[in-house]
There are 2 protein chains.
Amino acid sequence: MAGKKQIESAVSAQDPLKQKGLSVTDSRRKILQLFMQQKGALSHGDIEKKAGATFDRVTIYRTLQTFLDKGIIHAIPSANNAILYALCHEQCGPDHHDHQHIHFICSRCKHTFCLDHSVTPDLHLPKGYQAQDIDVLVKGVCKRCNTTSK
Amino acid sequence: MAGKKQIESAVSAQDPLKQKGLSVTDSRRKILQLFMQQKGALSHGDIEKKAGATFDRVTIYRTLQTFLDKGIIHAIPSANNAILYALCHEQCGPDHHDHQHIHFICSRCKHTFCLDHSVTPDLHLPKGYQAQDIDVLVKGVCKRCNTTSK
DNA sequence: TATCAAAAAGCAACAAGGTTGCAAAAATGA
DNA sequence: TCATTTTTGCAACCTTGTTGCTTTTTGATA
């Protein structure tokens, strides 16, 4: 395969996959790399397009699930029927994702970003309701779109 | 059809459908009625189950889209790939939904509720980011589940 | 580096969710 | 009641996601 060398060279000695106890495979390296390059959130479909015909659809699904389980990526809720995934910046582990950041959806470029801006919304839930986890979705115009073409 | 009388009797003179300039049909009445009874959010699948084999799948999709467009219901983002819909309590119109309420997802009974609790999260977005709309998703235990079985 | 068990990838087939075009049926207004 | 417009139902299709099983690859060991 032509792209293999390229993939390998981009992986440093401190392989995040090994750190999480995962065996290192082409698909995992490639998908992890896509997330690191992107800086935004990716859907399964995005990855399928970017990875070309390199990997089977099922492999991508399973890799995403594995990354989720290991706390490498987290899922971002959306209203358009396509789950988005992004790298976890904090130290998330299996079974506990701890994110207190905002998910920002740009209505112009349609990208979704994680803003590492620890926000605790001022919650006053009605009596009886007990909060465990909070996700703040903000729709608006992102930095790039705001500066590029006003 | 056996259930038709029942549906009609539940519709008062002040038909919300007519108010929004929609023609009144069985499916629209029935689906609107389901939302009013439910008090929680419904997915397309939920409606399909509750409506039985009364309506075609496609009709339900189109009715939901129409209700969305007219500001009768709003979509709630979720992380499990099933868009939820709930009635708009405030006066929403075509092309502008204005909700400042929390969406509460109960991790026990799996229902999603709109808490009409006007919350403005303390947002400090990084420079350049411009917020238009905010959606707060809270996962936790709802009132009923908290009191019923502790 | 050759070997081997365990893990992951690929393949096929399937299920669910969602969309589109078109003909038949129902709702609205005259 | 009639004609026009809107909506429904149907069929067919596409996308997204899942499952079982076989083949390939990985990582550890000799």
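Just so it is clear, the values below take in all heavy atoms, side chains as well, and ignore hydrogens, waters and symmetry mates. Lettering of chains follows the sequences in order, A, B, ..., and the numbering in each one begins at 1.
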Query raised in the report: Between the base of dG9(D) and the side chain of Arg57(B), is there a donor-acceptor distance below 3.5 Å?
Result: no
Query raised in the report: Is any side-chain N or O of Arg62(A) under 3.5 Å from a base N or O of dG10(C), one able to act as donor and the other as acceptor?
Result: yes
For atom [atom1] of [X] and atom [atom2] of [N], their distance in whole Å:
{"X": "Leu17(B)", "N": "dT6(D)", "atom1": "CG", "atom2": "P", "answer": "17 Å"}
{"X": "Asn80(B)", "N": "dG17(C)", "atom1": "CG", "atom2": "P", "answer": "11 Å"}
{"X": "Arg29(A)", "N": "dA9(C)", "atom1": "CZ", "atom2": "C1'", "answer": "14 Å"}
{"X": "Glu48(B)", "N": "dA16(C)", "atom1": "CD", "atom2": "P", "answer": "11 Å"}
{"X": "Asp15(B)", "N": "dT28(C)", "atom1": "CG", "atom2": "C1'", "answer": "14 Å"}
{"X": "His44(A)", "N": "dA16(C)", "atom1": "NE2", "atom2": "P", "answer": "19 Å"}
{"X": "Tyr61(A)", "N": "dG17(C)", "atom1": "OH", "atom2": "C1'", "answer": "11 Å"}
{"X": "Asp46(B)", "N": "dA16(C)", "atom1": "CG", "atom2": "C1'", "answer": "14 Å"}

> Which is true for Thr66(B) with a 4.0 Å heavy-atom rule: it touches a base, it touches only sugar-phosphate, or it touches nothing?
Replying inline: nothing
Among dC11(C), dG17(C), dT18(D), the one nearest any side-chain atom of Asp56(A) is dC11(C)
Ranking dT19(C), dT7(D), dA9(C) by distance to the side chain of Ser23(B), first place goes to dT7(D)
Rounded to the nearest 0.5 angstrom, the CG-OG1 distance for Leu84(B) and Thr112(B) is 5.0 Å
Would you check if the distance from the ring center of Phe104(A) to the ring center of Tyr129(B) is below 6.0 Å? yes
Say whether Gln65(A) and Asp69(A), considering side chains only, have a donor N or O and an acceptor N or O under 3.5 Å apart.
yes
task: Using a cut-off of strictly less than 4.0 Å, decide whether Thr25(B) has a side-chain nitrogen or oxygen near OP1 or OP2 of dA26(C).
output: no
Nearest-nucleotide check on DNA chain D, Thr59(B) vs Val58(A); residue mapping nearer the 5' end is Thr59(B)
Per nearest nucleotide of DNA chain C, the residue lying toward the 5' end, Leu22(B) or Leu22(A), is Leu22(A)
| query | Taking the side chain from Arg29(B) and the backbone from Val24(B), do they hold a donor-acceptor pair closer than 3.5 Å? | reply | no
Worksheet item: Is any side-chain heavy atom of Lys143(A) closer than 4.5 Å to a side-chain heavy atom of Lys127(B)?
Response: no
